[in-house]
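Here's the structure we're looking at; comments come further down.
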Amino acid sequence: MKLSILDQSPVSAGKTPATALQASMELAKSGEQFGYTRYWIAEHHDFTGLSCSAPEVMLGYIGAHTKTIRIGAGAVLLPHYKPYKVAEVYNMLATLFPGRIDLGIGRAPGGSAEVTTALSDNYLQNVYKMPESFKELLHFLKDDFPEDHMYSKVSAAPLPEISPKPWLLGTSSKSAKLAAENGSAYAFGHFMSDKDGPEILKTYKENFQPGLSQQPESIIAVSAICAETTEKAEHLAKSGFLWKLNMAKGEGSVGVPSLEEVENYPYTSEDQQEIEEMRRKMIIGNPQEVREQLEQLQSIYHTNEFMIITITHDYMDRLQSYKLIAEELL
């Protein structure tokens, strides 16, 4: 089983975005030492408690501080950008860090309606054009537009010796089919989907046509927290639960709350129900329990790589969680 890291670069209460971004760089460095296959950082805009609005900037910084781990975006929100510019940026990263760059593509807004308008005047129209934009991006990455195409003489320079590897991220059969039809690798967001993930992944595999990937390649993204004991892992998870509750109520501006805040919070019965629902979507436990849960998911999804997202108030608790999982499984 391969393991990778998905990082939303969360800001903890009492900390700054600069601290969060530095912790992200340290996580990537440690992930490389622990044996993780890849590190991806997410894109969000004016999103409470999340610090990375420009993955390409962080990837230049992280690439310069690591040597072997694959690094990438999880994901570039393509409806906000022209495919040509995305190809230029990631071709440049691939030129700087040969054989290490992944280009995850998504179509979520990544922020509020106002933010979406600030980024792109025609977001909904661009979402509708997502299949066309994705195909155009792949042509720029392969540098293979037909001779009669208006972009046939345009290259997304610099052209690297090893192209960035495109991954389409999604949570639906629609995204699975788009990835399959274009010969792209596919990453499914198990941690953020209520849909039948195994069936969606089956759809991807059954409809796959060779492209930049010659055979189906998949990653399942899961939310997990691991600690030395089950009790400690359950306790650490509470910060993330309260943070999500606060965000849903418009009260999460201070970032991921401390465990002291968690214990003193006046939970309602509705809050407890929401937390239980969040708990069902997560993997929480000691190293052996986390291994068992990942292996169970592997038997259901029939995939060989999981990408783990972990959010705790203390950045060292997050780092320790990734370390314990790696020691158990890698």
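- The environment of Glu234 atom CD is dense: over 12 non-hydrogen atoms of other residues, nucleotides or ligands sit within 6.0 angstrom.
- Neither side chain, Glu147 nor Ser152, offers a donor N or O lying under 3.5 Å from an acceptor on the other.
- Pro55 is listed as a side-chain neighbour of Tyr90, based on a closest heavy-atom distance under 4.5 Å.
- The aromatic rings of Tyr204 and Phe208 sit perpendicular to each other, their planes meeting at more than 60°, with 30° as the lower class boundary.
- The two residues Ser218 and Lys205 make their nearest non-hydrogen contact at OG-CE, 4.4 Å.
- For the pair His80/Tyr123, a side-chain contact is recorded, criterion being any heavy-atom separation below 4.5 Å from C-beta on.
- Between Pro164 and Leu141 the shortest side-chain heavy-atom distance falls below 4.5 Å.
- Partner of Glu305 under the side-chain hydrogen bond (donor to acceptor under 3.5 Å, both in side chains) criterion, chosen from Arg38, Lys2, Gln298: Arg38.
- With Ser184 contributing its side chain and Ala179 its backbone, the two residues share no donor-acceptor pair below 3.5 Å.
- Using cut-offs of 30° and 60° on the angle between ring planes, the pair Phe140 and Tyr151 is tilted.
- The neighbour count for Met1 CE, taken as heavy atoms of other residues, nucleotides or ligands under 6.0 Å away, is above 12.
- Between the OG atom of Ser9 and the CD1 atom of Ile41 there is a distance of 4.5 Å, given to the nearest 0.5 Å.
- Between Ile71 and Met58, the closest side-chain pair of non-hydrogen atoms is not below 4.5 Å.
- Note that the CD atom of Glu328 and the CD atom of Glu289 stand 10.5 Å from one another [nearest 0.5 Å].
- Other residues, nucleotides and ligands contribute over 12 non-hydrogen atoms within 6.0 Å of the CE atom of Met278.
- Without hydrogens or angle criteria, Asn264 side chain to Glu260 main chain gives a donor-acceptor distance under 3.5 Å.
- For Arg100 (side chain) and Ile69 (main-chain N/O), a donor-acceptor pair under 3.5 Å exists by modelled atom type.
- With hydrogens and angles disregarded, no donor-acceptor distance shorter than 3.5 Å links the side chain of Ser193 to the backbone of Gly189.
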Practice problem: Run the numbers on Arg280 and Glu277 for salt bridge (Lys or Arg N to Asp or Glu O under 4.0 Å), then give the verdict. | Solution: CA-CA 5 Å; Arg280 287 195 203 99; Glu277 185 61 29; 2.4 Å; yes
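- Checking side-chain atoms of Glu132 against main-chain N and O of Lys129 turns up no donor-acceptor pair under 3.5 Å.
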Quiz item: Would Asp196 and Lys202 satisfy salt bridge (Lys or Arg N to Asp or Glu O under 4.0 Å), going step by step from the backbone distance to the final call?
Solution: CA-CA 10 Å; Asp196 187 346; Lys202 182 181 178 183; over 6 Å; no
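- Counting only heavy atoms from C-beta outward, the side chains of Met192 and Ser223 never approach each other to under 4.5 Å.
- Remark: Lys174 NZ is loosely packed, at most 12 non-hydrogen atoms of other residues, nucleotides or ligands lying under 6.0 Å away.
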Quiz prompt | Verdict with reasoning, Tyr322 to Tyr36, per ring-ring contact (aromatic ring centres under 6.0 Å, His included) | solution = CA-CA 9 Å; Tyr322 281 108; Tyr36 283 85; 5.7 Å; yes
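- Side chains of Leu329 and Leu294 form a contact here, defined as non-hydrogen atoms less than 4.5 Å apart.
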Quiz item: Does the pair Glu263 and Lys238 meet the rule for a side-chain contact (heavy atoms from CB on, under 4.5 Å), with working shown?
Solution: CA-CA 9 Å; Glu263 295 303 326; Lys238 292 179 181 179; 3.8 Å; yes
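- Atom CD of Glu274 has 12 or fewer heavy atoms from other residues, nucleotides or ligands within 6.0 Å.
- Ring orientation note: the planes of Tyr81 and His45 are tilted relative to one another, at an angle of 30° to 60°.
- In terms of modelled atom types and a separation under 3.5 Å, the side chain of Ser120 and the main chain of Thr116 share no donor-acceptor contact.
- Within 6.0 Å of CG in Asn122 there are more than 12 heavy atoms belonging to other residues, nucleotides or ligands.
- A donor-acceptor pair is defined here as one N or O able to donate and one able to accept, closer than 3.5 Å; no such pair exists between the side chain of Glu181 and the backbone of Asn207.
- Checked by atom type and distance alone, the side chain of Thr203 never pairs as donor or acceptor with a backbone atom of Ser173 at under 3.5 Å.
- Within 6.0 Å of CD in Glu292 there are more than 12 heavy atoms belonging to other residues, nucleotides or ligands.
- In this structure, the side chains of Trp40 and Leu169 come closer than 4.5 Å at one or more pairs of heavy atoms.
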Practice problem: Please step through side-chain contact (heavy atoms from CB on, under 4.5 Å) for the pair Tyr265 and Asn246, ending with a clear verdict. | Solution: CA-CA 11 Å; Tyr265 189 81; Asn246 285 340; 3.7 Å; yes
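- Under a cut-off of 6.0 angstrom, the local environment of NZ in Lys15 is sparse, with at most 12 non-hydrogen atoms contributed by other residues, nucleotides or ligands.
- Of the inter-residue distances, the one linking Leu319 atom CG with Asp314 atom CG reads 10.0 Å to the nearest 0.5 angstrom.
- Under 4.0 Å is where a charged nitrogen must lie from a carboxylate oxygen, and between Asp271 and Lys249 at least one such pair does.
- At distances below 3.5 Å, not a single donor-acceptor pair connects side-chain atoms of Tyr61 with backbone N or O atoms of Gln22.
- Without hydrogens or angle criteria, Asn91 side chain to Ala156 main chain gives a donor-acceptor distance under 3.5 Å.
- Annotation: side chain of Pro216 is not in contact with side chain of Tyr186 (no heavy-atom distance under 4.5 Å).
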